[in-house]
Each structure stands twice: as structure tokens, then as C-alpha cells.
Amino acid sequence: MFVVTSGLRKGLLALFIRYIRVENFRGIDHFEAVMNNNLLSVVGQNDVGKSSVLRAICVFLEKEKMTLEDFPNDDLFKVCEIELHFESNKGISSGSEDLVKLKQTYEAHNGKIIAKQFIYKLISIPTEEELDDYKTLKAIAKTLSIEFPSRKPTNAS
């Protein structure tokens with residue numbers, strides 16, 4: 001199980017990897033997997049890319065550096081993509097809307113590697129009733145990292 005965390009003590013945020021997608025990385029053209037029950041098994045013959053999947057995760061998490069040798073068959077014209085979806089232990093609800101989705105792309109230009117990061121999160125559109133509820137608005141704002149007053153403002157004249 002891969003867990004990205006600032007500590008496992010009570011009350012701290014932990015992110016659990018739930019989905020992995022790797023494209024154009026070393027010998028991997030396309031790899032995609034969903035982690036169920038905090039477990040991912042990658043099984044295969046020798047030299048099919050099992051270790052490359054682990055290396056891609058380490059590169060994504062910046063535990064290892066991306067190198068020119070990581071491009072598929074040393075083809076520096078292809079774009080490498082690594083995408084991970086994380087589930088937080090502190091989500092406001094359960095389900096796919098609590099997945100934080102991160103993608104990194106790597107391109108080679110003049111012998112240097114250019115990395116780009118993409119962060120996105122899908123949230124469900126609130127109903128009119130939910131928008132009328134201040135507590136729901138605060139929860140939505142929190143998931144979007146927007147500061148929100150702790151108490152509902154009053155209409156003082």
C-alpha cells in the first residue's frame with residue numbers, strides 16, 4: 001500500500017493512492033490500475049515493466065528524478081504521463097467525488113526534461129437546498145481550499 005502522509009498520528013491527513021495511469025514511460029506504452037482494499041498486485045514475466053510502474057510512482061512522488069532514459073525506447077519526442085488519484089482520510093463524504101486527481105507530464109527539450117503538473121478534483125454540483133444550507137457551503141468551500149467565515153454573516157444595516 002502506498003500512503004502519502006505527513007504522519008500517521010491521529011488527526012493528520014493521509015492520502016491513499018486509488019488509481020494509477022502511466023503512459024510512455026520506459027518500456028510501458030500504457031498501464032492503468034485501480035487499487036482495491038489498499039492493494040495492487042502487478043504480476044508478469046521478466047522485463048514487462050513491473051519495476052517501471054514502481055519507478056513511475058517514485059518519480060511522481062519525487063522520490064527519484066526523471067531521466068532521459070525513462071522516455072520509452074529513448075524516444076525523446078514522446079510525452080511521458082503519470083497520473084495518480086488519491087483519496088483522503090478526511091473527505092467530507094465518501095465516493096469518487098473525494099478523489100484528488102494529479103497528473104504530471106514530462107517532455108524532453110534540448111537534453112532537458114520539462115515537467116508540468118496538473119491538479120484537478122471532481123465535485124458534485126450542489127442542489128438548491130444544499131446551497132441554502134450554510135454548513136454545506138462551508139464544506140464545499142473547504143474542498144476547494146477557499147476560506148469561508150466560520151459563522152454565517154448577518155444582514156446588519
Side-chain angles (χ1 to χ4, degrees), residues 1-127 130 136 138-148:
M1 168 176 57
F2 284 96
V3 179
V4 180
T5 180
S6 58
L8 291 176
R9 292 173 296 193
K10 187 175 179 178
L12 294 180
L13 176 68
L15 298 174
F16 300 89
I17 296 175
R18 294 295 180 224
Y19 171 82
I20 304 165
R21 185 178 63 82
V22 179
E23 291 193 18
N24 300 324
F25 186 84
R26 293 188 164 237
I28 299 172
D29 290 327
H30 178 83
F31 175 85
E32 193 170 4
V34 175
M35 292 184 72
N36 292 316
N37 299 320
N38 299 323
L39 178 68
L40 173 66
S41 296
V42 181
V43 179
Q45 296 178 352
N46 291 341
D47 205 30
V48 295
K50 299 179 301 291
S51 295
S52 293
V53 171
L54 293 175
R55 175 159 170 73
I57 293 169
C58 288
V59 166
F60 184 94
L61 297 174
E62 298 181 348
K63 298 292 183 188
E64 296 182 23
K65 281 192 128 184
M66 179 78 171
T67 66
L68 295 175
E69 290 80 31
D70 291 324
F71 285 84
N73 304 316
D74 295 323
D75 185 350
L76 302 180
F77 294 104
K78 289 193 174 181
V79 176
C80 296
E81 290 188 12
I82 305 169
E83 181 174 344
L84 299 179
H85 298 183
F86 295 91
E87 181 180 34
S88 167
N89 65 335
K90 294 190 177 243
I92 61 168
S93 64
S94 61
S96 64
E97 66 270 8
D98 272 339
L99 291 177
V100 176
K101 301 177 181 188
L102 307 173
K103 178 171 78 171
Q104 294 191 87
T105 62
Y106 303 90
E107 296 180 52
H109 289 288
N110 299 324
K112 294 185 178 182
I113 298 172
I114 308 298
K116 296 179 184 173
Q117 292 84 26
F118 303 89
I119 302 171
Y120 53 102
K121 179 177 177 170
L122 298 178
I123 60 169
S124 57
I125 298 174
T127 64
E130 289 174 323
T136 302
K138 280 179 34 179
I140 293 168
K142 184 177 180 180
T143 65
L144 298 173
S145 299
I146 298 172
E147 290 187 32
F148 214 73

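Just so we're clear, the structure is a prediction, and the values are computed from it rather than from any experiment. Computed over heavy atoms, backbone and side chain alike; hydrogens, waters and symmetry mates excluded.
In this structure, Gln45 has no side-chain hydrogen bond (donor to acceptor under 3.5 Å, both in side chains) partners at least two apart in sequence or on a different chain. Every salt bridge (Lys or Arg N to Asp or Glu O under 4.0 Å) that Arg21 has, sequence neighbours left out, goes to Glu23, Glu81, Glu83.
Nearest heavy atoms, Met66 versus Ile113: O-CD1, 3.3 Å. Taking all atoms of both residues into account, the shortest heavy-atom contact from Pro72 to Lys78 is CG-CD, 3.7 Å. Between Lys65 and Arg55, the shortest heavy-atom contact is O-NH2, 2.8 Å. Residues Gly49 and Ile28 come closest through the heavy atom pair O-CD1, 3.8 Å.
Looking only at side-chain heavy atoms (C-beta outward), Tyr106 and Asn24 stay at 4.5 Å or farther from each other. A heavy-atom distance below 4.5 Å is not found between the side chains of Lys103 and Lys116. Contact of the Leu84 side chain with the Tyr19 side chain is not registered, since no non-hydrogen atoms from C-beta on lie closer than 4.5 Å. For the pair Asp70/Leu68, no side-chain contact is recorded, criterion being any heavy-atom separation below 4.5 Å from C-beta on. For the pair Phe118 and Thr105, the minimum side-chain heavy-atom distance is below 4.5 Å. No side-chain heavy atom of Val53 sits under 4.5 Å from any side-chain heavy atom of Phe25. Between Val22 and Phe60 there is no side-chain heavy-atom pair separated by less than 4.5 Å.
The 12-atom threshold is exceeded at CD of Gln117, counting heavy atoms of other residues, nucleotides or ligands nearer than 6.0 Å. Within a 6.0 Å radius of CG in Asp75, more than 12 heavy atoms belonging to other residues, nucleotides or ligands are found.
Within the model, atoms SG of Cys80 and CD of Gln104 stand 11.5 Å from one another, a figure rounded to the nearest 0.5 Å. The CD1 atom of Ile20 sits 10.5 Å away from atom CD1 of Ile82, with the distance rounded to the nearest 0.5 Å. The SG atom of Cys58 sits 4.5 Å away from the CD atom of Glu64 when rounded to the nearest 0.5 Å.
No side-chain donor from either of Glu87 and His85 sits under 3.5 Å from a side-chain acceptor of the other.
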